[in-house]
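Since this is a predicted model, take the numbers as computed values, not measurements.
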Amino acid sequence: MEISAKGLIFDYGGTIDTNGVHWGEVFRSVYERYSVPVTLDEFRNAYVQVERALGNGQVIHPDHTFEETLHIKLKLQFEILKINDLSLAGKIAEACYSETRQTTLRAAKILDDLKKCYPIVLASNFYGNLRTVLDEFNLSKYFCHVIESAEVGIRKPNPAIYALGIKALELHPEEVAIIGDSYKNDIHPANLLGCPSIWLKGKGWDNEDDAIEHPCIIKDFAMLRNLYPRH
């Protein structure tokens, strides 16, 4: 990996917490593990409906932890799917939380090393409780500035949310590398702003990104170790 940067901006969901796997795919894989009787289309419809509801409403409170957020999501998904087994919803939420916690702790080790070399900003589409979630996973210390869509009123793929991160770093766009899992929400906005970018390309929502070429693609968060300056 060859990329020049004086500062970094990270996406959160799907990047730091799942190692590049779309959250819809995280849920779907656990649904399959527990043999939930739904079709792929039914699951996807429920997932999208819940995400829209959480993004536009007041369901998630600023003090909700991520564990609580997952339980709320699963309860709402099951309601849409007309599945009354809330015990099963709770088991799926806990399984997702356990996996996410392990992945996040692994990512934290990389962030700890990167922080020694770069100022780091976090820019995320989230539900209004991102700071609580960062504290929950002991991640707040890695970011000099946190920009959350619910707070600033700007959502990706609008590049303005990343422009706020560049401004916070007090650097020029070409000096700031953007790292994210979504071409639409992270990499394309970086291109528009003139920022170098690193695409953490994992299991996506569909196959439409497969044919897209990018000069800096990684398949594992740990590959960011190669970003550290060498002296």
Side-chain angles (χ1 to χ4, degrees), residues 11-62 64-104 123-130 132-133 148-151 153-159 161 180-189 199-212 219:
D11 166 58
Y12 183 73
T15 300
I16 291 173
D17 59 357
T18 70
N19 197 24
V21 180
H22 190 283
W23 257 103
E25 290 299 314
V26 174
F27 282 123
R28 188 183 63 81
S29 67
V30 182
Y31 267 61
E32 290 182 348
R33 189 186 313 162
Y34 282 87
S35 301
V36 181
V38 295
T39 67
L40 178 58
D41 286 343
E42 287 171 340
F43 164 75
R44 288 195 167 197
N45 174 63
Y47 176 84
V48 170
Q49 284 195 52
V50 170
E51 290 304 307
R52 286 175 178 168
L54 298 188
N56 297 328
Q58 303 297 319
V59 180
I60 302 298
H61 301 159
H64 274 145
T65 65
F66 193 64
E67 186 171 16
E68 291 169 330
T69 301
L70 285 174
H71 279 275
I72 291 169
K73 286 188 175 191
L74 263 298
K75 181 176 181 293
L76 293 174
Q77 287 175 17
F78 268 41
E79 287 178 0
I80 293 170
L81 293 166
K82 296 181 170 52
I83 301 174
N84 298 320
D85 190 348
L86 294 183
S87 174
L88 178 58
K91 290 177 181 178
I92 293 173
E94 287 302 316
C96 290
Y97 183 75
S98 178
E99 291 180 10
T100 302
R101 187 167 192 84
Q102 292 302 314
T103 303
T104 304
S124 177
N125 287 349
F126 220 75
Y127 313 112
N129 63 327
L130 181 56
T132 297
V133 172
E148 182 181 2
S149 60
E151 291 184 352
I154 305 169
R155 288 184 63 83
K156 304 173 191 177
N158 189 336
I161 194 169
D181 70 300
S182 169
Y183 186 86
K184 175 185 176 182
N185 286 341
D186 305 311
I187 306 307
H188 183 58
W199 186 5
L200 176 57
K201 193 174 181 182
K203 178 65 174 175
W205 180 250
D206 50 43
N207 298 322
E208 67 178 26
D209 289 346
D210 287 352
I212 299 176
K219 296 293 186 178

Tell me whether [X] is salt-bridged to [Y], with the criterion being a basic N under 4.0 Å from an acidic carboxylate O.
| X | Y | result |
| --- | --- | --- |
| Lys73 | Glu51 | yes |
| Arg28 | Glu25 | yes |
| Lys156 | Asp186 | yes |

Please name the pair of heavy atoms, one in [X] and one in [Y], separated by the smallest distance, quoted to 0.1 Å.
| X | Y | result |
| --- | --- | --- |
| Ala95 | Val30 | CB-CG1, 3.9 Å |
| Asp17 | Thr104 | CA-OG1, 3.6 Å |
| Asp11 | Gly13 | OD2-O, 3.0 Å |
| Ala150 | Tyr127 | CB-C, 3.9 Å |
| Val26 | Cys96 | CG1-SG, 4.3 Å |

Could you state the interatomic distance from [atom1] ([X]) to [atom2] ([Y]), rounded to the nearest 0.5 Å?
| X | Y | atom1 | atom2 | value |
| --- | --- | --- | --- | --- |
| Asn158 | Ser149 | CG | OG | 11.0 Å |
| Ile187 | Ile212 | CD1 | CD1 | 10.0 Å |
| Leu88 | Ser35 | CG | OG | 9.5 Å |
| His188 | Trp199 | NE2 | CH2 | 12.5 Å |
| Leu130 | Tyr12 | CG | OH | 7.0 Å |

Notebook entry, point to check: Taking the six-membered ring for Trp, are His64 and His61 parallel (under 30°), tilted (30 to 60°) or perpendicular (over 60°)?
Noted result: parallel
**Message:** Would the distance check show the side chain of Gln102 and the main-chain N or O of Glu99 forming a donor-acceptor pair, the cut-off being under 3.5 Å?
**Reply:** no
Counting only N and O atoms by type, is there a donor-acceptor contact under 3.5 Å from the side chain of Thr18 to the main-chain atoms of Trp23?
no
Report yes if the side chains of [X] and [Y] come closer than 4.5 Å at any heavy-atom pair, otherwise no.
| X | Y | result |
| --- | --- | --- |
| Lys75 | Ile72 | no |
| Ile92 | Phe78 | yes |
| Lys184 | Pro157 | yes |
| Phe66 | His71 | no |
| Lys219 | Lys201 | yes |
| Leu74 | Gln77 | yes |
| Ile83 | Val38 | yes |
| Leu81 | Tyr31 | yes |

Check the pair Val133, Phe126 against side chain to side chain contact (heavy atoms under 4.5 Å, CB included), reporting the backbone distance first and the verdict last.
CA-CA 10 Å; Val133 172; Phe126 220 75; 3.9 Å; yes
What verdict does the side chain to side chain contact (heavy atoms under 4.5 Å, CB included) test give for Leu76 and Leu54, after you've listed the backbone C-alpha separation in whole Å, the side-chain angles of each residue and the deciding distance to 0.1 Å? CA-CA 10 Å; Leu76 293 174; Leu54 298 188; 3.9 Å; yes
> Going by atom types only, do Thr69 and Asn129 share a side-chain donor-acceptor pair under 3.5 Å?
Replying inline: yes
